[in-house]
Amino acid sequence: MSKQGKGKQGKQGKAKGKQGKQTIATRAADYPQWYQDVVRESGLAEPAKVVKGCMVIKPHGYAIWEKIQRDLDARFKATGHQNAYFPVLVPQSFITKEAEHVEGFAPELAVVTHAGGEKLEEPYVVRPTSETIIGHFFAKWIESHRDLPLLINQWANVMRWEKRTRLFLRTTEFLWQEGHTAHSSHEEAKQEVRRMLDIYGDFAEEILGVPVVRGVKTESEKFAGALQSLCIEAMMQDGKALQAGTSHDLGQNFGKAFDVKYQTAEGEMEYVWQTSWGVSTRLIGGLVMTHSDDNGLVLPPRVAPIHVVIVPIFRNDEQRERVLEAAKSLRTQLQAIDIAPSDCRYRDFLEVVIDERDMRPGAKYFYWEQRGVPLRVELGPRDLEKGQVCIKMRVDSAAGEGKQFLAQDEFVAGIRERMLLFQNELLARARTRMQEQTVTIDTWDEFLKVFAGEQSTFAWCHWDGTAETEAAIKAQTKVTIRCVPLPGQGPEPEEGKCVFSGKPSRQRVLMAKAY
RNA sequence: CGGGGCGUGGCGCAGUCUGGUGAGCGCGCGUGUCUGGGAGACACGAGGUCGUGGGUUCAAAUCCCACCGCCCCGACCA
């Protein structure tokens with residue numbers, strides 16, 4: 001329950017009915033509070049509290065992560081990557097081998113200085129990312145051009161001692177996948193970087209229903225130790241940006257730091273060209289802030305741990321038995337339905353729950369809505385007599401508005417299409433919102449107006465390309481350059497004047513406040 | 001690290017200013033009855049080292065000192 005809501009209720013005394021039970025702040029009243037309320041009330045996660053900045057990912061939240069993993073893992077393997085696992089502890093000296101890398105990560109490292117009751121000769125750091133230790137092993141594994149490309153992915157946890165944490169968006173420990181690859185040419189490495197970015201973009205849109213802008217990070221925003229970082233940026237409902245995934249061209253920086261060399265066909269020794277790319281449990285935060293509403297979580301079917309909840313309605317034991325029997329039969333039919341698209345590499349059967357708990361039906365509706373279950377079935381004696389079901393989608397949409405009564409056969413036959421419709425509708429809505437809120441800004445006055453106070457949106461602006469301007473804009477407005485758009489991802493390149501300095505610019509870049 | 005807030009049954013809070021009543025309220029939880037198509041009602045009940053340590057006092061949740069922790073807002077970052 002939100003503190004704000006609570007305080008008000010306390011003073012108002014006994015508010016009855018819906019208001020009295022309100023447990024989620026509204027987006028309009030307090031967006032950050034709303035986010036926290038949804039994460040808590042939907043059972044996704046809670047702050048660990050006993051461990052600073054860490055969270056407990058609860059079963060419902062972890063189930064979403066598992067769905068994310070399932071899909072991404074299939075995409076990685078389809079493009080020739082293999083999973084492996086490296087130690088969570090990294091010798092401290094490894095981190096210091098790549099100059100920019102140390103500088104970027106040193107402030108947020110957790111260090112193990114004692115173990116086994118003794119002080120360690122050399123401390124270990126808890127990995128904030130694994131470029132260094134993987135570089136070490138790549139050096140051992142790669143000898144010949146025949147060993148390349150080497151395409152590795154790791155599903156892991158990492159730890160970064162961030163100053164400020166928020167559930168899913170930024171926690172001290174988080175779960176992610178990190179891809180690490182080594183190639184024999186820069187060209188091939190760059191293709192890999194772009195290929196993985198496209199996988200992330202496709203995944204975000206097709207599976208999470210989160211539209212993204214694909215682009216290139218500026219020098220000051222790129223990964224510590226990379227030549228170039230590509231990213232996907234998503235717009236949250238408050239107009240702020242969330243970096244939803246990154247793919248880095250590491251050049252030969254780590255190859256040189258860790259002496260990862262191979263012998264070419266011509267017999268020369270060369271350093272490898274490396275890439276790394278990752279997405280994290282942050283995606284779940286982005287998912288929440290893209291689709292959810294004031295009633296709680298809203299989930300696209302392709303990441304929903306539960307697709308359908310059946311709420312039985314009855315007045316007595318006799319009815320209860322009949323209804324439950326019918327509900328189980330319906331569940332059996334539904335569970336056999338695979339909602340994966342035809343080109344999907346795994347099967348995605350409907351998950352169906354019958355809520356047999358001893359609660360009033362209305363309380364159950366509320367409960368499952370908060371948890372984002374896409375479709376609810378109410379099944380009572382009247383429905384059994386008529387061979388029908390009463391259904392309701394989590395959000396009114398092309399997939400269904402309000403309560404609908406359908407013949408049970410018709411419902412079962414059409415549920416796959418209904419789920420896919422709902423999936424598409426959520427993406428379409430998010431895309432429409434992003435497009436409608438994206439603006440083009442040419443003057444500094446207008447810029448200040450658009451980004452006044454806590455306000456944010458996506459703004460295409462000319463930029464003179466200097467780090468000084470970028471820093472000045474950030475200092476004055478908290479607005480950052482999210483990315484320089486890849487071709488087709490933003491306005492066509494055009495000559496213009498920097499929105500801040502008035503100096504010449506060749507292209508508009510994406511600006512927004514960010515999480 | 002700067003600013004703010006907060007540690008009291010499972011959760012959220014009141015009580016602290018002004019020390020002294022039997023530590024209270026809401027939600028949740030348990031049992032029972034009536035109920036059941038949008039958060040049901042009633043009855044009974046269980047549940048507490050008041051963050052930790054020290055101090056003042058006849059007496060401390062309350063005053064003083066120190067410490068620990070968490071949350072929120074900023075600067076840094078997936």
Side-chain angles (χ1 to χ4, degrees), chain A residues 1-7 9-11 13-23 30 32-33 36 40-41 46-54 103-108 128-129 158-178 200 217 220-224 229 231-233 242-248 276-286 295 311-317 319-320 323 357-370 376-383 389-390 392 402-403 405 454 474-475 478 480 514-515:
Chain A
M1 180 169 286
S2 77
K3 289 183 180 179
Q4 212 181 43
K6 251 180 184 163
Q9 280 160 32
K11 269 152 205 159
K14 38 77 226 317
K16 277 222 168 172
K18 230 176 185 177
Q19 270 83 32
K21 293 281 188 179
Q22 192 67 44
T23 52
D30 189 343
Q33 186 66 54
Q36 290 185 71
R40 185 189 59 252
E41 293 300 321
E46 65 182 53
K49 294 203 171 186
V50 289
V51 186
K52 184 180 168 71
C54 290
E103 202 184 324
F105 283 103
E108 50 192 63
T129 178
V158 289
M159 183 165 269
R160 299 181 185 178
W161 218 260
E162 302 287 356
K163 304 294 184 199
R164 183 169 161 221
T165 57
R166 283 167 183 270
L167 289 173
F168 288 116
L169 301 176
R170 183 172 301 103
T171 45
T172 302
E173 180 188 12
F174 57 97
L175 304 184
W176 75 347
Q177 59 68 217
E178 47 180 327
Y200 288 155
K217 283 292 181 192
S220 59
E221 295 274 338
K222 74 174 189 188
F223 177 75
S229 292
C231 64
I232 53 173
E233 295 284 328
L242 183 76
Q243 180 176 312
T246 48
S247 184
H248 313 294
S276 69
W277 27 274
V279 298
S280 72
T281 35
R282 165 180 276 188
L283 288 174
I284 296 173
N295 295 319
V311 178
I313 310 291
F314 49 83
R315 292 172 182 277
N316 53 46
D317 284 350
Q319 288 185 345
R320 179 174 187 276
V323 169
R357 292 177 299 172
D358 184 21
M359 291 164 67
R360 299 276 297 213
K364 294 179 181 176
Y365 303 160
F366 185 78
Y367 178 90
W368 293 108
E369 276 171 16
Q370 280 190 329
R376 179 179 80 231
V377 176
E378 299 171 23
L379 197 62
R382 292 208 298 267
D383 303 309
V389 290
C390 173
K392 186 172 188 304
K403 288 192 184 182
F405 293 87
E454 284 299 303
K474 185 175 180 180
K478 296 178 200 163
T480 51
Y515 278 99

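Numbers restart at 1 for each chain; the letters A, B, ... are given by sequence-line order, proteins then strands. The figures here come from the full heavy-atom set of this structure, side chains too, leaving out hydrogens, waters and symmetry mates.
- Atoms CD (A:E103) and P (B:C76) sit 14 Å apart, rounded to a whole Å.
- Comparing the same atom, P, in B:C42 and in B:C25 gives a spacing of 16 Å after rounding to whole Å.
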Structure string for RNA chain B in dot-bracket form, Watson-Crick and G-U at under 3.5 Å, | interchain: ((((((((.[[[[.)....(...]]]].((((((.....)))))).....[[[[[..)....]]]]])))))))....
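- Under the rule for a side-chain contact (heavy atoms from CB on, under 4.5 Å), the partners of A:L283 that lie at least two apart in sequence or sit in another chain are A:I68, A:F203, A:L208, A:A244, A:V279.
- Regarding A:Y365, its OH atom lies at a distance of 7 Å from the P atom of B:G37, rounded to whole Å.
- Applying the 3.5 Å distance criterion, the base of B:G38 shares a donor-acceptor pair with the side chain of A:R376.
- When each of A:P381 and A:E221 is assigned the nucleotide of RNA chain B with its nearest heavy atom, A:P381 is the one assigned upstream, toward the 5' end.
- Taking the C1' atom of each, B:G22 and B:C64 are spaced 28 Å apart, rounded to whole Å.
- Each of B:G37, B:C76, B:G74 was ranked by its minimum atom distance to the side chain of A:R166; first place goes to B:G74.
- The side-chain contact (heavy atoms from CB on, under 4.5 Å) search around A:K403 returns A:Y365, A:R376, A:E378, A:C390, A:K392, not counting sequence neighbours.
- Side-chain proximity of A:E162 to the nucleotides B:G36, B:G38, B:C76 is greatest for B:C76.
- One P atom belongs to B:C70, the other to B:G55, and the distance between them is 27 Å to the nearest Å.
- OP1 or OP2 of B:C77 has not a single side-chain nitrogen or oxygen of A:R160 nearer than 4.0 Å.
- Look at A:R360 and you'll find a side-chain N or O under 4.0 angstrom from OP1 or OP2 of B:G37.
- Nucleic acid contact for A:P107: none, since no nucleic acid atom lies under 4.0 Å from a heavy atom of the residue.
- Between A:K474 and the phosphate of B:C76, there is a side-chain N or O to OP1/OP2 separation shorter than 4.0 Å.
- Comparing the C1' positions of B:G69 and B:U52 gives a spacing of 10 Å, expressed to the nearest Å.
- Closest of all the heavy-atom pairs between A:R160 and A:T129 is NH2-CB, 3.6 Å.
- When each of A:L167 and A:R170 is assigned the nucleotide of RNA chain B bearing its nearest heavy atom, the one mapping closer to the 5' terminus is A:L167.
- Distances shown here put a side-chain N or O of A:Q36 below 4.0 Å from the OP1 or OP2 atom of B:C72.
- In this structure, A:F174 forms an aromatic stack with the base of B:A78, since both conditions hold: centre separation below 5.5 Å and plane angle below 30°.
- Atom pair A:D383:CG and B:G37:C1' shows a separation of 8 Å (rounding to whole Å applied).
- Heavy atoms of A:L242 sit nowhere under 4.0 angstrom from any nucleic acid atom.
- By the 6.0 Å and 45° rule, A:R357 stacks over the aromatic ring of A:Y367.
- One can place NZ of A:K478 at 11 Å from P of B:C76, the figure rounded to the nearest angstrom.
- Among residues two or more places apart in sequence or in another chain, the ring pair (Phe, Tyr, Trp, His ring centres under 6.0 Å) test is passed with A:F223 by A:H101, A:F105, A:H248.
- Of the possible polar contacts, one joining the A:Q319 side chain to the A:R315 backbone as a donor-acceptor pair under 3.5 Å is found.
- In this structure, the CE atom of A:M159 is 23 Å from the P atom of B:C76, given to the nearest Å.
- Comparing the C1' positions of B:G48 and B:G9 gives an interatomic distance of 5 Å, to the nearest angstrom.
- Under the ring pair (Phe, Tyr, Trp, His ring centres under 6.0 Å) criterion, A:W161 pairs with no residue at all, not counting sequence neighbours.
- For B:A78, neither phosphate oxygen OP1 nor OP2 lies less than 4.0 angstrom from any side-chain nitrogen or oxygen of A:R282.
- Comparing the P positions of B:A61 and B:G54 gives a spacing of 15 Å, expressed to the nearest Å.
- Nucleic acid contact for A:G278: none, since no nucleic acid atom lies under 4.0 Å from a heavy atom of the residue.
- Judged as a salt bridge (Lys or Arg N to Asp or Glu O under 4.0 Å), and not counting sequence neighbours, A:R170 has no contacts.
- Of the C1' atoms belonging to B:G12 and B:G20, the separation is 29 Å, rounded to the nearest Å.
- Within the structure, no pair that satisfies the salt bridge (charged side-chain N to carboxylate O under 4.0 Å, His left out) test touches residues 358-368 of chain A, not counting sequence neighbours.
- Distance CG (A:D358) to P (B:G40): 11 Å, rounded to an integer number of Å.
- Across the protein-nucleic acid pair, A:E173 atom CD and B:A78 atom P stand 18 Å apart, rounded to whole Å.
- Remark: side-chain polar atoms of A:Y515 are not paired, donor with acceptor, to backbone N or O of A:Q243 under 3.5 angstrom.
- Counting to the nearest Å, the C1' atom of B:G74 and the NZ atom of A:K163 are 13 Å from each other.
- Within 4.0 Å (heavy atoms only), A:T171 reaches at least one base atom of the nucleic acid.
- Across B:A60 and B:C67, the matching P atoms stand 24 Å from one another, rounded to whole Å.
- Considering only the side chain of A:R382, B:G37 comes nearest among B:C77, B:G37, B:G36.
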Pick out the pairs of N or O atoms, protein on one side and nucleotides 30-32 of chain B on the other, that lie under 3.5 Å.
none

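- Between the side chain of A:S247 and the main chain of A:W277, no donor-acceptor pair closer than 3.5 Å is present.
- Heavy-atom contacts from other residues, nucleotides or ligands closer than 6.0 Å to CG of A:N316 number more than 12.
- Under the side chain to side chain donor-acceptor pair (under 3.5 Å) criterion, A:E108 pairs with no residue at all, not counting sequence neighbours.
- Side-chain atoms of A:N316 and base atoms of B:G36 include no donor and acceptor less than 3.5 Å apart.
- Residue-level contact check: A:T246 touches neither bases nor backbone, having no heavy atom under 4.0 Å from any strand.
- No hydrogens or angles were tested; on distance alone, a donor-acceptor pair under 3.5 Å links the side chain of A:K403 to the base of B:G38.
- The A:Q243 side chain lies nearest to B:A78 when the options are B:A78, B:G38, B:G37.
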